[in-house]
Amino acid sequence: MRASLLIGLSVLLVECAAPTPNPHVVHPKLGETLTSVPGPLPNFGPFATVGEAILAACPIIMRQPHALIPVPRTHQNFSVYWKTASEYCAWLYSVDGEHVDMSLMATSPVQDDPSKRRCDLPAQVADGRHPEATMVYLVMLHNHAAGENLSFNDLYAIADMAHIHGITTRFRGQQTSMSIVAFIGKEQGGQPECAGFYHYVPAQSDEILRYTVDNEHLTKKAVARVTWSDEGNPSILPIEERQ
């Protein structure tokens with residue numbers, strides 16, 4: 001009896017033990033404001049193009065804990081998943097103007113709006129390999145656990161970063177626009193996978209594009225247009241479906 005109780009207790013302790021934190025995710029403490037996020041993410045690239053880096057980053061972020069809500073908003077259990085849903089954000093950046101790296105991922109301890117999820121991406125990347133290098137900031141990455149389009153908060157975020165770093169930068173000898181991506185996911189065989197992403201490239205187009213990944217094929221569709229007022233406030237105008 002004593003032995004069986006000890007075995008049961010040990011199993012219970014193992015089951016209740018806190019999961020090992022992911023060393024590639026930065027979790028600020030409540031009240032802490034990150035000024036930078038480390039880079040590069042180990043075993044990621046580097047890549048020659050921004051498009052390749054975005055596609056490689058999608059499954060990495062969508063496979064993080066609670067990054068995906070596996071049911072639609074109309075499902076009876078959606079609110080249960082929503083309470084623990086998490087956003088992760090990261091930078092795609094370059095230190096040599098030729099190759100794309102990804103920073104570590106960051107989260108936010110503050111979720112002050114019950115209708116939204118947020119992550120706080122610091123404005124700077126600290127790359128220990130090149131501490132004196134001039135960073136090229138290319139793409140703000142994050143996930144939308146419920147699969148929704150880019151939000152007003154996302155547009156304000158890219159506007160803020162554009163004020164800091166400039167809306168365009170030089171990459172591979174060409175002028176390139178900073179952009180923002182929201183990854184969306186799906187469950188495949190009980191495991192979270194990349195289903196695609198929303199992408200807004202403000203210096204290139206006023207359109208929000210939705211890219212869908214299906215059987216390794218990538219399709220693109222314009223889903224909305226963004227307009228900015230003279231005061232710097234955005235409007236999102238859905239593009240109507242044409243029959």
Side-chain angles (χ1 to χ4, degrees), residues 50-51 53-55 57-58 61-62 66-69 71-75 78-79 81-82 85-92 105-108 110-123 137-169 175-186 194-214 218-243:
V50 171
I54 290 174
L55 285 174
C58 184
I61 289 182
M62 292 312 305
H66 309 296
L68 170 65
I69 295 177
V71 298
R73 285 185 177 272
T74 54
H75 194 279
F78 177 85
S79 61
Y81 285 105
W82 179 254
S86 295
E87 275 196 11
Y88 300 82
C89 46
W91 276 109
L92 291 183
M105 292 163 278
T107 62
S108 173
V110 177
Q111 301 295 329
D112 49 9
D113 186 336
S115 67
K116 296 181 175 64
R117 288 294 173 263
R118 58 183 277 188
C119 61
D120 296 328
L121 182 62
Y137 293 88
L138 296 167
V139 188
M140 300 176 68
L141 304 174
H142 70 300
N143 64 294
H144 279 179
E148 66 271 24
N149 194 357
L150 290 169
S151 68
F152 289 113
N153 286 344
D154 296 332
L155 299 181
Y156 282 121
I158 187 69
D160 288 344
M161 293 302 179
H163 284 305
I164 296 171
H165 300 297
I167 193 61
T168 60
T169 188
Q175 205 71 11
T176 302
S177 173
M178 183 189 293
S179 63
I180 187 166
V181 158
F183 292 125
I184 56 178
K186 61 184 178 182
C194 173
F197 54 93
Y198 292 92
H199 195 193
Y200 175 52
V201 192
Q204 179 177 309
S205 171
D206 64 350
E207 294 179 333
I208 295 177
L209 300 175
R210 183 177 65 214
Y211 290 84
T212 303
V213 179
D214 188 19
L218 192 66
T219 58
K220 178 178 72 173
K221 181 179 182 179
V223 295
R225 285 192 170 86
V226 178
T227 60
W228 294 86
S229 70
D230 293 338
E231 293 77 26
N233 296 313
S235 297
I236 301 174
L237 308 174
I239 295 175
E240 295 183 2
E241 297 277 353
R242 289 186 174 88
Q243 300 296 330

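- Using cut-offs of 30° and 60° on the angle between ring planes, the pair Y211 and F197 is parallel.
- The two residues Y200 and E207 have their closest heavy-atom pair at CD1-O, 3.6 Å.
- Shown here are the side chain to side chain contact (heavy atoms under 4.5 Å, CB included) partners of A162, two or more places apart in sequence or in another chain: I167.
- Salt-bridge annotation for D113 and R118: absent, with no side-chain N of the basic residue lying under 4.0 Å from a carboxylate O of the acidic one.
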- [ ] Would you check, one step at a time, whether the test side-chain contact (heavy atoms from CB on, under 4.5 Å) holds for I54 with F183?
- [x] CA-CA 9 Å; I54 290 174; F183 292 125; 3.8 Å; yes

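- Interatomic distance, CG of N143 versus SG of C194, reported as 11.0 Å (0.5 Å rounding).
- In this structure S86 satisfies the side chain to side chain donor-acceptor pair (under 3.5 Å) test with no other residue, sequence neighbours excluded.
- One distance of note links CG of N149 with CD1 of I184; it measures 9.0 Å at 0.5 Å rounding.
- Side-chain contact between N233 and F152 is absent, with no heavy-atom pair separated by less than 4.5 Å.
- The shortest non-hydrogen separation linking A67 to M62 is O-CE, 3.4 Å.
- Atom NZ of residue K186 and atom CG of residue L68 lie 11.0 Å apart, to the nearest 0.5 angstrom.
- Remark: of the listed residues L237, L150, I158, I208, I208 is the sole one forming a side chain to side chain contact (heavy atoms under 4.5 Å, CB included) with V226.
- Looking only at side-chain heavy atoms (C-beta outward), L218 and V213 come within less than 4.5 Å of each other.
- The shortest heavy-atom contact between G196 and C58 is O-SG, 3.8 Å.
- To the nearest 0.5 Å, atoms SG (C119) and CG (L141) are separated by 9.5 Å.
- Contact annotation: the side chain of P202 approaches that of S177 to within less than 4.5 Å [non-hydrogen atoms, C-beta and beyond].
- Atom CD in E148 sits 10.5 Å away from atom CZ in R117 (nearest 0.5 Å).
- At least one side-chain heavy atom of M105 sits less than 4.5 Å from a side-chain heavy atom of I61.
- Minimum heavy-atom separation, A203 to T168: CB-CG2, 3.7 Å.
- Under the 4.5 Å side-chain criterion, counting only non-hydrogen atoms from C-beta, Y137 is not in contact with T169.
- Between H142 and H144, the ring planes are perpendicular. Angles over 60° get that label, and only those under 30° would be called parallel.
- Side-chain atoms of W82 come within 3.5 Å of backbone N or O of P114 as a donor-acceptor pair.
- When every heavy atom of A146 is checked against every heavy atom of R73, the shortest pair comes out as CB-NH2, 3.7 Å.
- The two residues M161 and L121 make their nearest non-hydrogen contact at CE-O, 3.3 Å.
- In this structure, the separation between CE on M178 and CD1 on I164 is 8.5 Å, given to the nearest 0.5 Å.
- Between the side chain of H165 and the main chain of A123, a donor-acceptor pair closer than 3.5 Å is present.
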